[in-house]
Protein chains: 2
Amino acid sequence: MSANQEKEQPRRRQARGERRIAQLLEAAAVVFTSTGYTAASTNAIAREAGVSPGTLYQFFPNKEAIAIELGERLMREMREAYGEALAPVDPTTPLEEAVGAAVDRFIAFNCEHPVFFALMHGPDIPGRITEEHDALHATLLSRIEGLLSSFLPDAAPADLVRTAHMCLGLYKAGLELVLAHEGAERDAYVQELKHALTRYLDPLVATGSPWRSTP
Amino acid sequence: MSANQEKEQPRRRQARGERRIAQLLEAAAVVFTSTGYTAASTNAIAREAGVSPGTLYQFFPNKEAIAIELGERLMREMREAYGEALAPVDPTTPLEEAVGAAVDRFIAFNCEHPVFFALMHGPDIPGRITEEHDALHATLLSRIEGLLSSFLPDAAPADLVRTAHMCLGLYKAGLELVLAHEGAERDAYVQELKHALTRYLDPLVATGSPWRSTP
DNA sequence: CAAGAATGCGAGCGAAGACTCGCGTTTGTC
DNA sequence: GACAAACGCGAGTCTTCGCTCGCATTCTTG
């Protein structure tokens, strides 16, 4: 009880240390993005950051902790910036508008932080990160379900869940294509993704609720 | 000139050897499916097959060769069984029917050979397999383009390419969901995937050439 | 049945990479 | 200025894993 009140007593850091941590996380983001988590070596991260391996381990107990911290910071930033992107909306909102707004926000985030995609998509990623990923996944799904249920108040729960999974899956497929292109072509893929989602959902909305997707 | 007419002279094999090869490939499929290519150790494959590491290397020069051979056999089987699944069809065929048939065939293949998905999706996979993957990808894309152009004879090439990429992407997203479920739920996801694809393409087909003209 | 080839084994080699350790340098505090 | 704590280093340890080697066993062939 008295001992070990906290698993880890955060070591006292100097400003220099905080800077190093940020620098290391940025370097890790670069390396993870280009090679994936497993193939990324801690030495490579240290080299990218311009420090020695020993210095890296001064701030992170192991390789996994780097990815965890990176993931947590990304999650926090995402929640702060786009937390409301999937909040239930007024069902009179046109479906197209709701989908478009959500897609734009998440695409923007993922384009700004390509690590996020790399971290969340490796088939190789260790347990703790997978947990985070699953948590995010579950959050997103319930948000999407909430959004859908505002359009489809009468849908069976199982169908709602399945539709939400489909939406997230379609979004991920589109995201991959969007990230693989640049400039005008990228914008075109964003548009196609919106089309795919809108057209997928439109019939459900049209037949399942009194509100049409477009007034 | 006279020497080295063939890079590899296929060693004379006994029936036992052929059996071992099949056995090893099957074991590799299991291990690759559950852990992915990179994380799969050759010792684990040998263990799964019930042989020693030395025996494995009697038949395969290295780890990559195992995946290559496995990939080639899968490709061959796929071509033999489903080669015509994406052949251009009579444009009067209902879109729903064309999409449904193609999806059913490819879903069936991927459900029967889950390795295929695992091998083609690792971000970690070495050069030679990626080449094969890209080749398959290109083949599929041109097939889809062909199929689309039979429905959309007036579409601009760039739009056709993009739409084909979207179709393949949407299919892959659906496939992942299908593989993640079983029984009735799996069937439901197959249906949803067909819906997503059909609804995505339907407006294009219905309005003739939506990129250039409006009804 | 012999002889050679194919098959089978598993301890062990070499490289790669996660992580440590001892020691020197910088920074904050009194 | 003095002391401690935080920072920084990079050669070195330890483990994992792809792969090899020497030798035993089983086939095939004459």
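Reckoned from all heavy atoms, side chains included, excluding hydrogens, waters and symmetry mates. To find a chain, count down the sequence lines: A is the first, B the second, and so on, and within it residues start at 1.
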Query raised in the report: Does the B:Asp159 side chain pair with the main chain of B:Ala155, one donor and one acceptor, at a distance under 3.5 Å?
Result: no

Show the distances under 3.5 angstrom between N or O atoms of the protein and N or O atoms of nucleotides 5-9 of chain C.
| residue | atom | partner | partner atom | Å |
| --- | --- | --- | --- | --- |
| C:dT7 | OP1 | B:Gln14 | N | 3.1 |
| C:dT7 | OP2 | B:Arg13 | NH1 | 3.0 |
| C:dT7 | O3' | B:Arg16 | NH1 | 3.1 |
| C:dG8 | OP1 | B:Arg20 | NE | 2.9 |
| C:dG8 | OP1 | B:Arg20 | NH2 | 3.2 |
| C:dG8 | OP2 | B:Arg20 | NE | 3.1 |
| C:dC9 | OP2 | B:Ser52 | N | 3.2 |
| C:dC9 | OP2 | B:Thr55 | OG1 | 3.0 |

**Report entry** Whole angstrom value for the distance that separates P of C:dA18 from CG of A:Leu56
**Finding:** 10 Å

Query - By ring pair (Phe, Tyr, Trp, His ring centres under 6.0 Å) - contacts of B:His133 (at least two apart) - result: B:His137

Query raised in the report: Quick one: does NZ or CZ of B:Lys172 land under 6.0 Å from the six-membered ring centre of B:Phe117, within 45 degrees of the ring axis?
Result: no

Query - Check ion pair A:Glu69-A:Arg73 (N to O, under 4.0 angstrom) - result: yes

Report task. Looking at every strand, decide which applies to B:Ala39 at a 4.0 Å heavy-atom threshold: base, sugar-phosphate, or nothing. Result -> nothing

Query - Set of residues satisfying salt bridge (charged side-chain N to carboxylate O under 4.0 Å, His left out) with respect to B:Glu26, sequence neighbours excluded - result: none

Query raised in the report: What about A:Tyr200 and B:Tyr200, are their ring centers closer than 6.0 Å?
Result: no

Report task. Sequence neighbours left out, what passes ring pair (Phe, Tyr, Trp, His ring centres under 6.0 Å) with A:Tyr171? Give chain and number order. Result -> none

Report task. If a pair satisfies salt bridge (Lys or Arg N to Asp or Glu O under 4.0 Å) and one of its residues is in residues 180-192 of chain B, list it, with sequence neighbours excluded. Result -> A:Arg162-B:Glu185

Report summary line: Within residues 41-49 of chain B, those residues having any heavy atom closer than 4.0 Å to DNA chain C are none

Query raised in the report: Starting at OH of B:Tyr57 and ending at P of C:dC13, how long is that distance when rounded to a whole Å?
Result: 17 Å

